[in-house]
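Scroll down for the structure; my scribbles are underneath it.
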Amino acid sequence: MPVQITELTFLTYLAKRFKIPVPDYLTTEATGAQIRAALKRWGGKALAKPDILMGKRGKLGMVKNVSDGVDAQRILKSVQSTDINGIFPRTAYLVQHIPAEMEAYSAITYDSRFVGPAITVSLAGGMDVEDIAGEKKITLPIDIYKGLDAYKVDKILTKLECPQKAISQLSQSLVNLWDMFISTGMKMCEVNPWRITPEGKPVACDFKAVFDEPNFRYNNLDFSLPEYPVTSTFFEEEMSSWSTSSHQGQAHVSELDGKLVLPILFGGGASTIIVETLIRNGGEPLFLSDFGGNPTYERMYGTAKICFEHKLADANLILILGGKANNTLIDITFKAISDALRNYVDNHGPIKTPVVVGRGGPRLLNGLLILKDTLDSLHLPYVIFGPDTPVTKAAEYAAKFAKALKKMEHSNES
Amino acid sequence: MRAEKFGDLLKKGDRVAVSNITGREASVVSVASQKYCANIVGGWALGKGGQCIEIAGQKPIPVFSNVVELIDGLPRKKHPNKILVYSPPSAVYGEVKEIVEYARSTIETLFIVTERVSVEVASKVFQLCSRAGIDVLGCNSLGMINVHDSARVGAVGGDSPSESFRKGSAAIISNSGNMVNTMASYLQSAGLGISYGISTGKDALILTPLKSLLELARDDERTNLVILYVEPGGLYEKEALELLTNTDYPKPVIAYVTGEILQKYDISLGHAGAVVEGGETTATAKMRLFDDYFGIPPFEPNTKYKKNSELPVALKRGIRISSIHHLPDAAALVYSILGLEKDFRPLKPLSLNPWFLDYKGLGKHLPSNLVLHQGDTPSPYKEQLKILNKEVLGLSPSRRNMRKASYASSNDGSTTRLYGHSIEKQMQKGSFVSSVLLGWAGEVPNDFEVELIERCLIASLSNGPGTISAQASKLSTSAGNLPNTAMIASLACIGDVHGGNGRRAVDYLIDIFKEVGLDDPYSSTQKFDLKKIVDDEVVRFSKYRKAAKEADADYRRIPCLGHPVFRNDPVNYDPRERIISEFLKKKKIKNVFLDYYHMLARALKEAGIAKNVWAVNLDGAIASVVLGIYWESLKRKGTTVQRVRDIAFMVFALGRAAGAGGEFLDHQDFGSPMDMRTPVNECINLSRAKD
């Protein structure tokens with residue numbers, strides 16, 4: 001999962017520090033008296049928003065207008081406890097309504113065309129950037145060493161025909177936004193919209209950002225990212241925490257909604273192809289996995305163990321498949337998988353799950369023979385392919401095999 | 001870009017230096033590269049200066065502490081022009097800065113293999129290198145290969161690049177390093193080899209964009225076809241296709257775009273760069289872009305493509321494939337329609353070819369089209385398999401770094417364990433022999449086996465003070481050494497001839513029994529005819545001995561038959577072996593190996609090869625006992641042959657080391673210093689004084 005934050009974290013920790021003008025706000029901890037006082041201060045208008053990792057909150061009807069102190073508490077609670085597509089907000093908060101003459105859009109991200117950061121600005125704020133017509137938005141590269149200066153932003157805003165009274169303050173705010181972006185190790189941040197007051201003052205009225213996990217600045221943030229209600233499963237959580245415990249070989253899984261094939265897949269490229277082939281052929285993979293990167297024995301053993309403990313009971317076929325590895329040692333990885341499978345059988349009793357295998361790479365035959373011996377000793381049916389069988393053909397075969405097993409199970413039940 | 005043609009990125013004669021060369025992966029890759037093309041001039045790793053990476057049959061690769069020392073330490077003609085960066089993510093920026101600062105005059109290309117480099121650093125590296133006129137492939141690249149020049153940098157092709165990469169006319173440019181190798185091997189079935197294989201890297205920022213590589217491919221004389229493996233993320237393909245369209249690109253392209261189905265799951269597709277950023281960077285958008293450029297639908301294997309006037313025009317641009325195993329057929333179609341010459345005779349078409357299968361009875365319930373039959377294992381695996389299959393018994397161990405790891409013992413801070421069994425529980429059970437066997441083999445023996453080994457150990461304690469091993473202990477004691485030294489001296493004086501013949505006996509017995517269908521060596525009934533096995537062995541040995549004698553050559557005796565003392569009776573026995581045989585008899589348990597030895601000794605006498613019935617010596621008895629204990633484990637590949645062989649030796653060694661302790665204590669108390677010395681006047685001088 002990308003490490004991201006939304007408006008409330010921005011309001012709490014970042015806006016003030018980087019001098020980015022934002023609306024005043026209150027959290028659910030505020031008392032009735034505080035809310036009433038704030039509403040009075042804010043001209044009687046506010047918005048109740050859920051703190052949730054999801055875009056388009058306004059369009060989804062998740063943002064409510066508040067104008068009354070009593071209603072405010074009720075609406076806040078209602079917003080906080082309403083799920084959107086099964087996902088609950090972390091909390092809710094109240095923000096000051098900012099009267100505005102116009103809205104602007106801004107985003108800073110790394111852009112593949114410039115191989116560096118770039119800023120996109122538009123005066124059509126409040127819309128999705130992709131819905132904004134090309135001539136109404138400007139994207140300019142930012143020199144990663146020099147950064148963004150107010151003159152450059154000034155030029156963009158002038159070109160966009162921004163009203164003169166807003167240019168200076170908005171320019172400064174966008175420069176501050178860049179300072180925050182680069183000094184906190186973000187890879188994307190978006191303010192949408194900036195509401196520009198009749199006096200020309202820009203106020204950042206919604207925000208989202210994604211941090212770049214490998215960036216040391218992100219790792220040195222002086223605050224912890226809030227924990228949102230878990231949308232990932234226990235299996236994904238456990239694998240994710242196992243994955244971050246070491247940089248030797250990746251261990252990545254994402255749950256899919258399949259019910260047949262347990263895929264232990266290698267290589268980012270091959271694993272995607274294989275899962276797509278399984279899905280296309282009705283193999284119903286239980287999850288997407290990518291376990292390449294020349295894992296050590298311990299790494300692979302732990303990874304396979306987590307997969308088996310969580311998913312083997314639900315699967316009717318195990319697929320161990322990857323392309324022709326360049327540097328992943330097949331005997332090490334297959335020995336680890338074999339041991340994890342033995343361990344599973346030791347702890348849970350015998351299984352009958354057939355295993356389809358396909359692999360190529362260094363020390364291949366040793367690896368295949370280790371796995372074959374294990375499958376023989378566990379009395380598991382197996383079909384083992386070498387690198388001369390394309391991964392997609394092996395995946396097609398596994399999908400058909402799993403479907404046939406499912407059919408057999410049904411006919412046995414009936 | 002600095003490079004004007006593909007070869008400028010990597011060619012024969014390039015000099016490669018590797019950062020963090022002593023790392024786990026970098027050192028292995030460097031050795032494999034050196035065997036393939038010997039283009040690495042050196043490497044560096046913090047704190048490892050002065051070391052070398054040894055390579056069998058080649059000059060070692062020198063290791064320096066940093067790039068500055070590498071430049072200063074290598075002769076000018078060996079200054080690197082390519083750098084392979086294997087540094088950890090946090091060190092990449094510093095390394096690149098240093099390279100640019102100190103070596104910019106010679107460096108042409110950086111290949112950055114490191115994963116998890118931050119986007120900010122990647123961007124800075126790009127700018128730094130652009131200003132210095134250095135090309136960068138990466139980050140998270142696997143390197144590249146120039147097949148015609150037999151040159152590679154990085155891990156493309158693994159430990160045997162020539163297996164997947166044959167010289168040819170297709171260039172592969174891939175976001176995935178694995179797919180460079182995989183697609184190259186698939187293309188062989190179309191009769192196509194590779195000119196260049198390039199792993200572009202797969203992070204959010206790809207520092208050498210596709211359009212630049214396609215420009216290099218356009219001008220490359222060796223390349224007729226460009227194969228692309230494309231993942232979601234970035235606008236690289238959009239820019240590249242604009243270039244192809246605007247420049248009327250002259251070479252066909254085959255593109256495979258992955259990630260379409262998984263888009264709906266809103267998940268990152270393994271590679272960091274594959275995070276979908278926006279509408280134009282999705283797999284679907286990229287597929288559409290390619291289809292628009294090619295002007296024909298994706299390749300369909302069941303379609304009969306007719307050579308009409310439109311097809312060559314379309315295929316001149318190329319075609320998209322929707323499954324990776326369509327690659328050879330699509331490439332063959334392009335070559336055929338455009339009249340291009342294939343690089344070599346096509347190999348077997350890609351198909352389902354199981355190397356090993358066993359449905360374990362499930363096959364009869366499966367639809368017939370799913371029941372596959374054993375396929376052919378292609379070369380070079382076929383030959384490797386023959387070698388490995390000779391080892392029909394025992395585990396083929398996988399190797400790993402064991403410096404800090406142990407299967408044999410563990411200590412979690414409170415409990416010490418042998419193969420997972422706590423020492424405390426072993427102590428409560430109270431059997432030293434059982435614990436020793438657990439520590440040696442990882443399996444708890446049964447009581448009967450413990451009793452057998454106990455007898456073997458007792459028998460090994462001593463065979464009198466005149467044995468070489470006892471003499472060694474006494475010699476050491478008389479020199480004034482401590483008990484451990486005396487015991488070591490004794491151990492140092494046992495070997496294949498004295499005491500260690502059991503190792504040879506294990507090999508000999510395995511050779512005899514490995515293919516006869518022996519399941520339980522303790523069983524009183526066997527599937528095979530033991531007498532016939534004995535008779536066959538007598539015939540074999542008789543012929544072999546006769547031929548050796550005729551040639552006046554030495555020959556290998558049958559191990560563990562015969563004894564220097566017990567040799568003159570019509571039927572000879574080693575009394576220690578008898579104890580073991582009688583114990584087995586008393587327990588009414590057979591040991592097929594010991595039975596074999598006894599029958600063989602008789603048969604050799606009957607065949608006239610021996611004058612009397614030779615004794616089966618203690619080493620033979622120990623070998624038979626040990627093999628009896630571990631035969632089942634060997635059959636189920638739970639242990640290695642080497643381990644069983646060594647345990648047979650170690651049983652004797654353990655007993656004899658204890659016996660040596662007894663000799664030490666005895667000699668220390670009652671002997672005189674230096675009393676083992678042979679007086680000068682008793683020594684025989686076999687040479688004449690020459691000065």
Side-chain angles (χ1 to χ4, degrees), chain A residues 110 112-113 115-117 130 144-145 187 212 214-216 247 252 254 256 267-273 275-276 279-280 288 290 292 294 297 323-327 331-332 335 354 361-362 365-366 369-370 372-373 377 379 381-390 392-393 397 400-401 404 408, chain B residues 25 29 89 116-120 123-124 126-127 142 155-156 158-159 164 176-179 181-182 185-186 204-205 207 234-236 258-259 261 267 269-271 278-279 323-325 350 352-360 362 365-367 370 372 378 381 384-385 388 396 398 400 636-637:
Chain A
Y110 285 93
S112 57
R113 290 167 297 180
V115 200
E130 300 211 334
I144 186 81
Y145 286 104
K187 63 178 176 186
D212 185 23
N215 194 312
F216 77 97
H247 68 275
H252 172 87
S254 295
L256 301 172
S271 57
T272 308
I273 297 172
V275 163
E276 294 203 317
I279 294 172
R280 203 176 285 131
L288 167 72
D290 171 11
N294 193 12
Y297 172 87
K324 192 168 184 181
N326 290 293
N327 55 358
D331 57 345
I332 297 281
K335 167 81 173 142
L365 269 174
N366 273 331
L369 290 174
I370 287 167
K372 174 183 172 296
D373 289 346
S377 68
H379 303 289
Y382 58 81
V383 181
I384 300 176
F385 300 105
D388 56 331
T389 296
T392 36
K393 277 199 176 284
Y397 175 74
K400 288 173 188 166
F401 198 155
M408 280 160 53
Chain B
E25 198 167 302
V29 166
R116 291 180 63 79
V117 174
S118 75
V119 195
E120 182 189 342
S123 173
K124 284 182 169 171
F126 174 77
Q127 203 175 122
L142 214 63
V156 174
D159 57 356
S164 300
S176 157
N178 176 283
M179 294 314 291
N181 202 15
T182 301
S185 64
Y186 292 175
L205 293 182
L207 304 188
L235 294 165
Y236 307 104
T258 185
I261 291 182
I267 48 182
L269 305 175
H271 292 161
S323 185
I324 202 78
H325 64 251
L350 296 180
L352 283 175
N353 180 35
W355 290 10
F356 311 101
L357 55 81
D358 188 343
Y359 289 98
K360 303 268 190 312
L362 186 65
H365 304 292
L366 285 172
L370 290 180
L372 305 177
Y381 304 104
Q384 292 172 16
L385 194 57
L388 289 169
S396 311
S398 59
R400 44 159 297 154
R636 68 174 151 81
K637 315 249 179 201

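A note on names: the letters A, B, ... follow the listed sequences, proteins ahead of strands, and every chain is numbered from 1. Here the structure is a predicted model, which is why all the values come from computation and not from measurement.
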Please list, chain by chain and in numerical order, all residues satisfying side chain to side chain donor-acceptor pair (under 3.5 Å) with A/Asn366, sequence neighbours excluded.
none

Below 4.5 Å from any heavy atom of chain A, which atoms of B/Pro367 appear? Answer side chain, backbone, both or neither.
side chain

Side chain, backbone, both or neither: which part of B/Phe356 has a non-hydrogen atom closer than 4.5 Å to chain A?
both

Drop me the distance from [X]'s [atom1] to [Y]'s [atom2], to the nearest 0.5 angstrom.
| X | Y | atom1 | atom2 | answer |
| --- | --- | --- | --- | --- |
| A/Met408 | B/His365 | CE | NE2 | 6.0 Å |
| A/Asp388 | B/Tyr381 | CG | OH | 8.5 Å |
| B/Ile324 | A/Lys393 | CD1 | NZ | 13.0 Å |
| B/Leu372 | A/Phe385 | CG | CZ | 5.0 Å |
| A/Ile144 | B/Lys124 | CD1 | NZ | 6.0 Å |

Given that the side chain runs from C-beta out, which part of [X] has a heavy atom under 4.5 Å from chain B: side chain, backbone, both or neither?
| X | result |
| --- | --- |
| A/Lys372 | side chain |
| A/Ile279 | side chain |
| A/Asn215 | both |
| A/Tyr382 | both |
| A/Pro354 | side chain |

Work out which heavy atom in [X] is nearest to a heavy atom in [Y]; give both atom names and the distance.
| X | Y | answer |
| --- | --- | --- |
| B/Leu370 | A/Tyr397 | O-OH, 2.6 Å |
| A/Val383 | B/Leu357 | CA-CB, 4.1 Å |
| B/Gly234 | A/Ser112 | CA-OG, 3.5 Å |
| B/Ser123 | A/Gly116 | OG-CA, 3.3 Å |
| A/Leu365 | B/Gln384 | CD1-CB, 3.4 Å |
| B/Glu120 | A/Asp212 | N-OD2, 4.2 Å |

Please name the residue in the list B/Leu350, B/Leu352, B/Thr182 that meets the side-chain contact (heavy atoms from CB on, under 4.5 Å) test with A/Pro390.
B/Leu350

Pick from A/Gly386, A/Ala404, A/Ser377: which one has the most heavy-atom pairs with chain B under 4.5 Å?
A/Gly386

Sort out for me which of A/Ile384, A/Asp373, A/Val275 touches chain B most, counting heavy-atom pairs under 4.5 Å.
A/Ile384

Derivation and outcome, side chain to side chain contact (heavy atoms under 4.5 Å, CB included), residues B/Gln127 and A/Val115:
CA-CA 8 Å; B/Gln127 203 175 122; A/Val115 200; over 6 Å; no

With distance as the sole test, does A/Asn327 use its side chain to make a donor-acceptor pair with the main-chain N or O of B/Ala155 at under 3.5 Å?
no

Carefully, step by step, assess B/Trp355 and A/Thr389 under the rule side chain to side chain contact (heavy atoms under 4.5 Å, CB included).
CA-CA 10 Å; B/Trp355 290 10; A/Thr389 296; 5.7 Å; no

